[in-house]
Structure formats: structure tokens, C-alpha cells
There are 2 protein chains.
Amino acid sequence: MPEPTGRRERKKAATRQKIADAARRLFLERGYEEVGIREVAAEADVAVTTLFSHFPAKEALVFAEDAGFARRLTEAVTGRAPDTPLVPALRREVEALVRHCSSDEAAPVYHLIDTTPALRQYEAAMRQRHADALATALTGARAGSATACRALATFTVDAYALARDADEPGAALDELFAMIEAAWAAAGPGRP
Amino acid sequence: MPEPTGRRERKKAATRQKIADAARRLFLERGYEEVGIREVAAEADVAVTTLFSHFPAKEALVFAEDAGFARRLTEAVTGRAPDTPLVPALRREVEALVRHCSSDEAAPVYHLIDTTPALRQYEAAMRQRHADALATALTGARAGSATACRALATFTVDAYALARDADEPGAALDELFAMIEAAWAAAGPGRP
DNA sequence: GAACGTAACACTAACGGTTAGCCTTTTGAA
DNA sequence: TTCAAAAGGCTAACCGTTAGTGTTACGTTC
């Protein structure tokens, strides 16, 4: 069973990108609610069913890169060098994510998200998934009790969201991770 | 502008309750996804449009009491006696809410929620609204910086969700509020 | 390199939640 | 009694989403 490394994969990725680009363009031009799925599919020149075979829902078109989020967070835990303290590793990753959201390329999209209730709602559900994934990684690392790990995961993902909304993301991150560090210290009995 | 204290209000509340009861019965009998809105409306003997004038979405039928949640949490802050420490007041309220969810009457509903993805997702969005409301109350109480207040609000609402999911809600609450207390101490410079 | 299995995509039609438009009845107040 | 507004009802539609069914193009295998 050789992994399908070839043209097929490239074509699939290209189609996905074409759809995401079309959606991004239309949503930013005219607003999320004002653009229908059938319109996005037409603009990308694919069938509606094809669109839904690449994205599970309309909202997901806006969060096309979200798969990388959970991955980066969990890898910050599983792939860290031994003796590396946990919370600073998480903080580094969250900081990078927040910075990415403020980049010139991504900022308009996040403004769209912040001003569209349906997208805010979808993002809240996404955060729960990300927190669950991170919690699994943390409990796997035997870093603390199950409850403490779940709490650390949830608080970390929240910190990302709160910092993104804050006036001064950098300062907010300082404050948030000071709180998280204290919370973790109060819970984690022993850790490298 | 006399407030409408009378039969009209009672009838409205009765209709709302009738709808919520019908929905609860049908959902518990046959599962959330297997029951359509038109069916709930028929069971409650109202029009579909009437149903949607009482509840903003199908999912909201399951969380009929959610309005009380945010209210109780914010009142734990705004209506507390002077010199009452903040975090323990929040903890008492969260503890009561968690206990209520485990009661014989409410437990089946929360089991339904936990096993239905659409409801879990809706609840995540609801938590964000509750956290926002609580954060507003906290910043109004000048209890700390804006970021610290938002973080405390978010963490508190998360603690409710985490404790509800935990094997031992009581023990989980002990652990969670020890973490929150530490986080708050690390952030709040001065407070009564 | 010819045949085959399958992944990707297209098309149609429908389902289910949600809303707009408009009308009737009930209620509280002047 | 009269009247404005609230509550509810009916119809029809919109829109996201999916099932069902076929077709094409790719990768594999003989």
C-alpha cells in the first residue's frame, strides 16, 4: 500500500486551495452572510458537493488553516526537548499563532471573523476541539492529573483567543501566561 | 409606560414552557437528531414560527434554562457582600450549578448534550456568551485589569464545563479552583 | 501497456432549520 | 368602547447540507 504521492494529491490540494481562495475573496468583498455556498462553488468552478467534500461546513471555508493549529500546539508538547518546561513551550507557540493572526495577510480574515456571529460561534467550537487535542497530548505526557491537564489545555487555548482580542496582544500574553504559570504550579506536583 | 404585569406575560411563559417540555420529551425519547422542528411544534400544538419566536434555534430548546446561568454568575459578583472574596463567591455558584446538572431531573438532558455533537458545539458558543457577561460584571467591579478579568471569567466558565465532565465533579472543582485562585492571585494586584 | 479499482468530481433532487410576509386573535390601556 | 400592540398562525421560500448516481482520471497490477 504505497502512499499516493503524485499528481492526484496535487490536484486535490489545488482544488481545495482554489475553493478556499474563491471563498476568501467573496467573503471579504461582500461579507460572509451575503455570499451563498452555491456562489462560492460557482466562483471556484466546482460542484457544491465537491466543495463539501473538501470542507465540512461553510464556516470551515474561513478557517482553512485550522488543522495546523491543533497540530502545532500538540507538537509543542510531544516534540519538545527533555527538560524543557511545559508552560513556556506552550507560550512560545501561542505567541507565534497570535503574531500570525496580526500579519497583514491574515488580519482582514480575523476582522471578518470577529464581526460575524456565525464565525465567532464556530470558532468557539473549534477551540474546544483544539483544547481536547492538547489535553490528550498533555495527559499522554504524564504532566499532571487528568483534571489539571485538561485545565491547562483549555486555559492555553483561551489565552490565544483572549490575546487575539486584546488591544495589546503582547502585554495581554504576558499577563495571561503569568496566570497560567501560577495555576499550573498550584496543580502540578512534579514535572521536569 | 407601565410594565406588562398580567395575563399576557403568563400566557407567553406558559407557551414557552409547553414548547420546551414537548421538545425535552421528544428528544429524550428518540434522540435529538431524529426529531424535527415541525414535529416539536406539532407536539406543543404551536406554529413553527411561534416556536422560533420563543427560541432562537433548535439547539436552544435543550438549553431552555440557560438565561439563568449567566444571571446567577454575574450576580455572584455584583450582588456579593462587601469584603467577600471574589473567587470563593464564584466557586460557590459554580458548585451549585454543577450539582444541579447532576440532579435526577437534569442528568438525562446533560447526557443527551454530551452525546450529541451539535449540542456540544452550541454549548461551547453559549459558554463564550456567559464568559463575556461575567467579564463585563468583573471589569465593572474594578477587580483587576481588563485582561485579568476576562481571563478569570473564561476560566470560571471553563471550570464549570470541566467539572461537569469529570468523573468526580467535587474533586475536580477543588483542583480547578485551586488553580484559578492561584492564577487570580498572580494577576490581581489589590482587591478587597 | 492494458485492464482494473478507486478517488475525485459532477449533477439532480431533496431534506431540515430558519425567516419573511401577511393575516387573525387576544390583551392591556386610554 | 376603542385602539395599538403583542402573540400567534399560515404559506412559501431561502439556504446549508446530504443522499444517490453516474463519469472521469489517476495509480496499481498483471
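Sequence lines set the chain letters: A, B, ... in the order given, protein chains first and strands last, and positions in each chain run from 1. Source: prediction; values computed, not measured.
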Check: Checking ring pair (Phe, Tyr, Trp, His ring centres under 6.0 Å) for the pair A:F69/A:F63: CA distance, chi angles, key distance, verdict?
Finding: CA-CA 10 Å; A:F69 267 51; A:F63 298 96; 8.7 Å; no
Q | Base of D:dC10 paired with side chain of B:T49 (donor-acceptor, under 3.5 Å) | A | yes
Whole-Å distance, B:E9 CD to C:dA29 P, equals 11 Å
- Under 4.0 Å between a side-chain N or O of B:T50 and OP1 or OP2 of D:dG9? yes
Residues in residues 34-47 of chain B with a heavy atom under 4.0 Å of DNA chain C, by number, are B:V35, B:G36, B:I37, B:R38
For A:R91, the side-chain contact (heavy atoms from CB on, under 4.5 Å) test, sequence neighbours excluded, returns A:E95, A:L173, A:D174, A:F177
Hey, does the side-chain of A:S53 have a donor or acceptor N/O within less than 3.5 Å of a partner on the base of C:dC9?
no
The side-chain contact (heavy atoms from CB on, under 4.5 Å) partners of B:Q17 (sequence neighbours excluded) come to B:D21
Rounded to whole Å, CZ of A:R16 lies from C1' of C:dC9 at a distance of 16 Å
Has B:T15 got a side-chain N or O lying under 4.0 Å from the OP1 or OP2 atom of D:dG8? yes
note: B:Q17, atom CD; D:dA7, atom C1'; distance rounded to Å ~ 18 Å
When rounded to whole Å, the NZ to C1' distance for the pair A:K18 and C:dA8 reads 12 Å
Between the side chains of B:E39 and B:R30, is the shortest nitrogen-to-carboxylate-oxygen separation below 4.0 Å, so that they form an ion pair? yes
Task: Donor + acceptor pair across side chains of A:S145, B:E175 (<3.5 Å) - done: yes
* **N/O donor-acceptor pair under 3.5 Å between B:T50 side chain and B:V46 backbone** => no
Taken in chain and number order and not counting sequence neighbours, the residues that satisfy side-chain hydrogen bond (donor to acceptor under 3.5 Å, both in side chains) with A:D45 are none
Dump the pairs, protein N or O against N or O of nucleotides 25-27 of chain C, anything under 3.5 Å, distances to one decimal.
unit_1 : atom_1 : unit_2 : atom_2 : d
C:dT27 : OP1    : B:K11  : NZ     : 2.2
C:dT27 : O2     : B:R8   : NH2    : 2.5

Exercise. State whether B:E123 and B:R164 are salt-bridged, where the test is any N-O pair (Lys NZ or Arg NE/NH1/NH2 against Asp/Glu carboxylate O) under 4.0 Å.
Key: yes
Taking C:dG17, D:dG9, D:dT17 as options, the one with an atom nearest any side-chain atom of A:F52 is D:dT17
When A:D66, A:T74, A:T154 are each screened for side-chain hydrogen bond (donor to acceptor under 3.5 Å, both in side chains) with A:H130, the one that passes is A:D66
Q: Please say whether the positively charged group of B:K58, taken as NZ for Lys or CZ for Arg, lies over the ring of B:Y32, i.e. under 6.0 angstrom from the six-membered ring centre and within 45 degrees of the axis.
A: yes
Whole-Å distance, B:I19 CD1 to D:dG8 C1', equals 10 Å
Are any of the side-chain heavy atoms of A:R80 and A:E75 separated by less than 4.5 Å? no
In whole angstroms, the gap separating P of D:dA7 from CZ of B:R10 amounts to 14 Å
Residues of residues 54-70 of chain B with a heavy atom under 4.0 Å from any atom of DNA chain C, listed by number, are B:A57, B:K58
